[in-house]
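Structure record follows, encoded as structure tokens.
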Amino acid sequence: MGEKEMIDALIERVWSSPRLPVAMEALERLWIARSAGVEPSGPSSSIDTDNAIRYVEAAAILACSSQSAHRLTAYRLATYVHELFAGSIDGLDAAVRAVLVRLGNFPSVLTNASIDQALVSTPWAIAQEELVRRRGNEVLIARQSLLLTDFQKKLWDNLSGGASIAISAPTSTGKSFILQAFISNAYASRPGFCACYVVPTRALISQVQADMKLALGDAGANDVEVITVPPEPDEQLPAKVVFVFTQERLQILLNNDPNRKVHFLVIDEAHSVQDGDRGILLQGVIDELVARKIDTQLLFASPTVSNLDIFGRMTGRSDISPQSTDEATVSQNFIEVEVTGVKRGDVALYARDGASRNEIGKAQLGQTLASRTDCLVHLSHRFGSEKQSIVYADGQADAEKIALQISTLRGADHEHQPASDSLQELSNLAKEAVHSKYVLAATVLNGVGFHYGNIPTVLRNAIEEAFSVGQLRYLVCTSTLLAGVNMPAQNIFMHTPQRKKSTPLESIDFWNLSGRAGRLRKEFQGNIYLLNYREWKEQPLSGPRLSPIVPAMQQAIDLRSSDLNAVIDDDSTAAISARGELETAFVRLLSDYKSGRIAATLDRSYPAPSPTSRHQLENALSNADKRISNG
């Protein structure tokens with residue numbers, strides 16, 4: 001038997017052992033109980049050091065596997081044991097470091113100082129293994145030698161080789177860092193290079209702009225300007241620019257600058273191509289840039305898309321290769337909090353894994369938990385006060401109400417402690433940017449902020465910065481955080497979350513938000529508290545994490561063909577839902593018809609070749625063109 005076969009057999013032996021799930025359940029229970037500040041209940045309420053050592057040994061074996069389930073279990077075993085037994089087991093720091101290195105998760109080594117410094121005490125054979133592993137993941141980025149995760153290294157190599165890629169990866173995999181570093185290095189080394197970074201919201205423009213400027217500076221590309229507002233038709237741009245736009249702003253650029261081409265196009269949160277008229281517009285600007293430069297290097301990034309081939313089909317580019325991973329650099333614990341006594345605030349905590357749950361412990365808050373707001377306010381205050389926490393609200397008014405109540409509780413906790421100078425400055429900015437009685441001006445003084453789309457940009461940027469550096473302990477957010485704004489926290493609290501009124505969060509949004517639990521290099525685990533989970537209309541943990549998407553253009557052409565034809569025929573009597581989306585599709589199709597691109601557009605929008613509805617659509621467009629020309 002060869003070495004690989006022996007290792008595979010050992011991995012299978014560990015993975016199939018009935019003691020493994022028992023160990024995982026016990027470690028998870030103890031770790032979550034400690035994190036939540038409750039007494040653990042149920043079986044295995046304690047673990048002896050001999051078993052803890054064996055669990056780390058099992059993790060070291062599973063870390064050699066290429067299967068993601070094995071690797072996640074290895075990570076959780078090792079990090080749970082370290083945080084429960086640190087300082088009480090000789091050699092534990094070096095052993096956990098070895099597991100993280102075998103996983104290629106080099107950034108997590110920096111999470112704990114003792115693990116980061118453990119190489120000197122590592123046995124020579126393990127240290128030599130680490131040195132070999134490091135060389136395989138080490139790259140020169142921005143004139144510095146950096147260690148990447150396995151996922152980051154593969155992405156870097158593919159981009160450097162000129163590949164166009166569609167990525168599906170959790171929020172915390174560090175893909176944005178690689179994209180921005182690649183763009184910066186290209187500007188520093190490739191004359192005439194031009195990149196465009198498309199994001200779905202204005203809130204994300206500011207964050208990407210700031211990160212992009214830092215990356216360009218690190219690469220020595222200080223002569224590159226980051227442009228976020230489309231220039232006027234006759235405006236002279238600097239020689240080197242990188243565009244960071246929403247699809248609407250990119251469309252203005254393309255209209256004002258008909259000769260503009262880009263070498264590298266990033267579509268962040270690429271699943272938004274399925275979002276109604278904005279999705280149709282997004283696909284339109286992508287198609288226009290590809291038409292102007294057929295070999296434009298493309299990068300589609302999304303957290304949970306199962307059918308990555310859709311991006312190649314919708315753009316007509318067969319060279320787009322999929323790259324998918326479900327391994328994050330930080331793992332997440334899903335904690336169900338069930339209210340068992342409304343008047344006294346009795347709750348039971350469970351670790352959730354799909355449809356199953358394991359009891360963690362119980363607590364009594366001494367507060368009435370009669371409503372959804374009561375639960376979000378008091379449970380986040382009880383279980384989230386030790387580390388930074390995000391609380392999900394369903395809208396602007398909801399966010400302000402929840403933030404104010406959490407702020408009141410924190411004010412009572414720290415009654416005689418004045419706010420820091422930085423929080424006082426943030427409060428003053430809120431008064432200046434909005435008005436003197438704006439709720440945020442009061443809440444930030446107690447370390448509580450809120451975040452939604454309708455906040456002045458300068459204030460929203462200041463809120464994001466204050467939370468990212470730890471000045472704000474709580475951030476009450478709306479769905480704006482789903483659009484890629486990168487603000488992780490250790491804890492996330494959700495109760496029957498909705499994106500729109502009476503519309504539960506879709507699976508892709510739930511997993512996108514959950515991926516923000518856990519801060520790289522700050523903690524190994526993040527917690528997602530699911531409040532009264534059994535009341536949720538949708539049960540996202542029971543379904544798949546990855547979801548297929550259908551571009552909005554394909555939805556209009558293929559799935560709503562009769563309604564689309566009615567819009568094109570200007571049939572005002574037809575009862576049509578979401579008419580605005582179909583009107584946007586009509587404008588795009590008519591433009592393609594007049595420019596001679598209609599065949600390619602329709603080829604990419606039908607999953608089956610040449611259905612009867614295609615001929616009807618082409619006739620309707622022909623008639624509409626004649627009607628408009630003669631009108």
Side-chain angles (χ1 to χ4, degrees), residues 97-98 100-111 115-120 122 126-167 169 172-197 207-226 239-244 262-266 268 295-301 321 323 325 327-330 486 520-522:
R97 180 188 179 105
L100 296 176
V101 168
R102 285 183 176 178
L103 293 170
N105 194 345
F106 291 99
S108 286
V109 172
L110 304 175
T111 303
I115 293 175
D116 184 32
Q117 299 163 10
L119 183 60
V120 294
T122 299
I126 302 298
Q128 187 178 35
E129 178 187 335
E130 173 173 338
L131 294 175
V132 172
R133 194 75 162 82
R134 288 168 68 94
R135 281 197 294 270
N137 284 50
E138 199 168 19
V139 297
L140 189 66
I141 297 179
R143 302 176 296 182
Q144 299 180 39
S145 180
L146 295 178
L147 282 171
L148 305 180
T149 66
D150 290 353
F151 170 80
Q152 289 177 317
K153 179 60 164 56
K154 181 181 178 182
L155 177 58
W156 177 264
D157 289 344
N158 288 341
L159 289 174
S160 299
S164 289
I165 307 168
I167 299 172
S172 57
T173 50
K175 57 183 179 293
S176 296
F177 169 77
I178 295 298
L179 295 178
Q180 291 158 15
F182 173 74
I183 291 171
S184 301
N185 273 22
Y187 275 101
S189 60
R190 293 166 57 180
F193 181 80
C194 182
C196 181
Y197 203 118
Q207 185 175 76
V208 173
Q209 178 189 32
D211 292 344
M212 199 73 251
K213 285 182 176 179
L214 289 174
L216 288 165
D218 290 341
N222 296 304
D223 55 344
V224 181
E225 187 169 341
V226 182
K240 295 182 179 181
V241 294
V242 53
F243 299 107
V244 180
V262 301
H263 300 86
F264 184 50
L265 177 62
V266 176
D268 202 5
D295 61 345
T296 297
Q297 188 175 4
L298 302 173
L299 190 289
F300 295 90
S321 58
Q323 183 175 338
T325 182
E327 286 189 45
T329 49
V330 179
N486 186 24
L520 182 61
R521 299 189 183 95
K522 292 187 178 180

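Remember, predicted model here, so these are calculated numbers, not experimental data. Hydrogens, waters and symmetry mates play no part in the numbers below; they use all other heavy atoms, side chains included.
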Tell me whether [X] contacts the main-chain N or O of [Y] through its side chain, where contact means a donor paired with an acceptor under 3.5 Å.
X	Y	answer
Asp116	Val109	no
Gln323	Ile165	no
Asn105	Thr329	yes
Gln297	Leu159	yes
Tyr187	Ala195	yes

Please tell me if the side chains of [X] and [Y] come closer than 4.5 Å, counting only heavy atoms from C-beta onward.
X	Y	answer
Leu146	Trp156	no
Phe106	Glu138	no
Ile126	Arg102	yes
Ile167	Thr173	no
Phe151	Glu327	no

Practice task
Would you indicate whether Lys522, at its atom NZ, is surrounded by more than 12 heavy atoms from other residues, nucleotides or ligands within a distance under 6.0 Å?
Solution key: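 Yes - once you tally the heavy atoms of other residues, nucleotides and ligands closer than 6.0 Å, there are more than 12.
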Minimum heavy-atom separation for [X] and [Y], please, with both atom names.
X	Y	answer
Ser108	Leu520	OG-CD1, 4.2 Å
Ala221	Ser184	CB-O, 4.2 Å
Lys240	Asp223	NZ-OD2, 3.2 Å
Phe264	Thr296	N-CG2, 4.4 Å
Ala127	Leu119	CB-CD1, 4.1 Å
Gln117	Arg97	N-NH1, 4.3 Å

Within this structure, what is the [atom1]-[atom2] distance for the pair [X] and [Y], rounded to the nearest 0.5 Å?
X	Y	atom1	atom2	value
Met212	Ser176	CE	OG	10.5 Å
Phe243	Leu265	CZ	CG	12.0 Å
Thr149	Lys175	OG1	NZ	11.5 Å

Problem - Aromatic ring pairing His263/Phe193, orientation class (parallel under 30°, perpendicular over 60°, tilted between) - result: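 It falls in the parallel class, under 30°.
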Exercise for the section: Answer yes when Asp150 and Lys154 have at least one side-chain N-carboxylate O distance shorter than 4.0 Å, and no when they do not. Expected result: no
